[in-house]
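Note sheet for the following structure.
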Number of protein chains: 2
Amino acid sequence: MTIRLLLAEDQELVRTALCALLDLEDGFEVVAAVGRGDQVTDAALAHRPDVALLDIEMPGLDGLAAAAVLSHQVPGCRVVILTTFGRAGYLRRAMEAGALGFVVKDAPAEVLADAIRRVAAGERVVDPELAAATLAAGASPLTARERDVLNASRSGAGVAEIAAKLYLSEGTVRNYFSSAIAKTATRNRTEALRTADERGWL
Amino acid sequence: MTIRLLLAEDQELVRTALCALLDLEDGFEVVAAVGRGDQVTDAALAHRPDVALLDIEMPGLDGLAAAAVLSHQVPGCRVVILTTFGRAGYLRRAMEAGALGFVVKDAPAEVLADAIRRVAAGERVVDPELAAATLAAGASPLTARERDVLNASRSGAGVAEIAAKLYLSEGTVRNYFSSAIAKTATRNRTEALRTADERGWL
DNA sequence: CGGACCTGCTGACAATTGTCACGGGTGGCC
DNA sequence: GGCCACCCGTGACAATTGTCAGCAGGTCCG
């Protein structure tokens with residue numbers, strides 16, 4: 001009863017290395033490895049893995065979106081999110097997307113192996129410390145438009161540019177910024193964006 | 001004549017996986033694996049590797065700095081920088097730090113293996129595409145102070161805060177910003193920081 | 001020595017950004 | 001229907017940010 005794995009990770013070197021590592025571990029068999037989020041579903045349908053290991057940062061479709069698609073289209077396949085950043089927001093979104101497990105890349109290999117086995121058995125596996133941080137951050141108090149405006153400011157664009165892109169008045173954009181800044185308890189856009197990001201309020 | 005390797009990479013999972021991958025490849029032996037930049041020199045002195053594989057993003061001391069120390073203190077050990085981001089500035093700084101090889105993490109495993117072997121033989125190994133980009137970006141036109149001010153603005157701090165931290169007048173800080181913005185051909189700090197970053201003008 | 005360049009400062013100005021108070025419109029919900 | 005939250009807008013204001021000109025000192029180099 002070896003566990004069949006699907007591995008999605010964009011950096012080829014890391015993907016290959018992880019593959020090697022998991023194949024060494026007994027009880028595991030990597031049946032598919034892809035480098036883009038939008039190849040996850042096809043690969044899962046073709047190879048029917050028991051568990052899919054998804055990185056978040058991927059071209060095409062991010063791991064969280066891929067997890068959501070997967071849990072609808074291939075219900076037999078459980079999902080473990082594997083990520084570089086233990087950001088609170090990622091965890092919440094991972095859970096919402098139907099992932100059962102959440103492992104950070106600086107965990108030791110045994111933790112990953114253990115998480116995979118338990119997820120394969122239907123358990124939920126989450127780093128308790130991270131779980132606490134997520135609860136502490138709470139749900140996003142930002143409205144949809146406030147999020148839009150903050151996201152649009154990622155490039156460093158000015159109000160005029162953002163207003164144009166979102167078909168809004170410049171005054172309105174400034175108002176949204178203002179209230180986002182208030183809600184994040186910061187002093188300007190840049191800080192507001194950063195802290196909203198960290199809390200997963202995107 | 002197997003090649004003795006030192007591996008420095010902060011994410012434990014990736015480190016272990018890379019270890020497994022390299023040990024499988026024949027001709028290689030990983031003699032030390034560390035998770036912090038400031039452990040690199042000690043490990044190199046203790047285990048005398050032929051080649052050190054250094055990630056850039058690491059706590060303690062970044063891979064670039066570690067490479068610089070290494071090439072002075074352990075001259076018999078050649079350095080390959082292994083990084084997530086193919087940023088032009090990283091490559092330049094890696095070369096300045098005395099690294100012989102530079103490999104991006106989304107290269108295939110054979111490229112890494114090949115690079116290690118050639119570096120062990122004393123060759124320089126760099127992705128030609130990246131090399132071109134580095135030359136195109138050119139040397140930094142920013143002065144030391146302009147860099148300081150840009151770096152200090154990373155947190156999203158305002159002029160007052162930055163001025164205090166650098167013991168400068170607020171006017172002076174704004175002047176440095178202004179000239180940095182001009183040199184990057186952008187329209188505000190955020191953009192200036194972003195593009196200076198991308199070009200390795202830090 | 002005279003440039004050229006960096007550092008650091010000032011003061012004045014325009015542009016952008018952040019805040020506030022206020023409107024009107026919508027849709028959900030008790 | 002009334003309440004509430006969100007949406008979108010206005011206008012006015014203060015604060016911050018970006019630009020410009022100018023001045024002083026320092027170093028390095030031909």
Side-chain angles (χ1 to χ4, degrees), chain A residues 89 92-93 96 137-202, chain B residues 89 92-93 96 137-202:
Chain A
R92 178 180 25 254
R93 287 166 57 198
E96 285 166 7
S140 175
L142 299 174
T143 72
R145 277 325 224 174
E146 285 159 0
R147 275 194 292 273
D148 291 344
V149 169
L150 279 184
N151 275 315
S153 78
R154 275 219 155 65
S155 54
V159 172
E161 211 171 328
I162 297 176
K165 189 175 335 193
L166 280 112
Y167 304 100
L168 287 176
S169 145
E170 304 196 3
T172 304
V173 171
R174 293 211 310 263
N175 285 338
Y176 286 140
F177 269 127
S178 189
S179 86
I181 290 168
K183 286 176 183 176
T184 48
T186 51
R187 277 191 309 300
N188 55 50
R189 292 168 216 218
T190 314
E191 284 187 4
L193 179 57
R194 239 177 43 69
T195 79
D197 247 339
E198 279 167 8
R199 303 196 194 165
W201 288 359
L202 297 171
Chain B
R92 181 186 16 260
R93 286 168 57 198
E96 285 166 7
S140 175
L142 299 175
T143 72
R145 279 327 224 171
E146 284 159 3
R147 275 193 291 273
D148 291 344
V149 170
L150 279 184
N151 274 316
S153 78
R154 275 221 156 63
S155 55
V159 171
E161 211 170 328
I162 296 175
K165 189 173 337 191
L166 279 112
Y167 304 101
L168 287 175
S169 146
E170 303 198 4
T172 304
V173 171
R174 293 210 309 264
N175 285 337
Y176 286 140
F177 269 129
S178 188
S179 84
I181 290 169
K183 286 176 181 174
T184 48
T186 50
R187 277 191 307 301
N188 55 50
R189 291 163 214 223
T190 315
E191 285 187 2
L193 178 57
R194 241 179 37 74
T195 78
D197 247 338
E198 280 169 7
R199 303 198 195 165
W201 288 359
L202 299 169

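Order of the sequence lines fixes the chain letters, A, B, ..., with proteins taken first and strands second; residue numbering starts at 1 for each chain. Owing to the predicted nature of the structure, the values given are computational and were not obtained by experimental measurement.
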Atom pair distance, as rounded to whole Å: CD in B/Glu170 and C1' in C/dA12: 16 Å

Nearest-Å distance for atom pair CG/P, residues B/Leu168 and C/dC6: 16 Å

A/Pro141 backbone acceptor or donor facing A/Lys183 side chain under 3.5 Å: yes

Results of side-chain hydrogen bond (donor to acceptor under 3.5 Å, both in side chains) for A/Arg194 - residues two or more places apart only: A/Glu198

Contacts of B/Asn175 that satisfy side-chain hydrogen bond (donor to acceptor under 3.5 Å, both in side chains) - sequence neighbours left out: none

Distance in angstrom units between B/Tyr176 OH and D/dT19 C1', rounded: 16 Å

Any residue meeting side-chain hydrogen bond (donor to acceptor under 3.5 Å, both in side chains) with B/Asn188, in chain and number order, not counting sequence neighbours: none

With B/Thr186 via side-chain hydrogen bond (donor to acceptor under 3.5 Å, both in side chains) - residues at least two apart: B/Thr184

Non-hydrogen atoms of A/Gly156 and B/Thr190 that approach each other most closely: CA-CG2, 3.9 Å

Main-chain N/O of B/Ala180 paired to B/Arg189 side chain as donor or acceptor, under 3.5 Å: no

Donor-acceptor pair, side chain of B/Glu146 and main chain of B/Leu142, under 3.5 angstrom: no

Closest to the A/Thr143 side chain, choosing from D/dC6, D/dG9, C/dG8: D/dC6

N or O in side chain of A/Ser169 less than 4.0 angstrom from D/dT10 OP1/OP2: yes

Rounded distance in Å - CG (A/Leu142) to C1' (D/dC7): 15 Å

Atom pair distance, as rounded to whole Å: CD in B/Glu146 and P in C/dT7: 7 Å

Sugar-phosphate, base or nothing in reach of B/Ala144, heavy atoms under 4.0 Å: sugar-phosphate

Kindly give the atom pairs (protein nitrogen or oxygen, nucleotide nitrogen or oxygen) under 3.5 Å for nucleotides 23-25 of chain D.
none

Spacing between A/Lys183 atom NZ and D/dC6 atom C1', to the nearest angstrom: 9 Å

Contact letters for nucleotides 18-24 of chain C, in which S counts primed atoms plus P, OP1 and OP2 and B counts the base, heavy atoms under 4.0 Å: BBB----

Student check: side-chain heavy atoms of A/Lys165 and A/Val173 closer than 4.5 Å: no

Separation of atom CD in A/Glu191 from atom C1' in D/dT16, rounded to whole Å: 13 Å

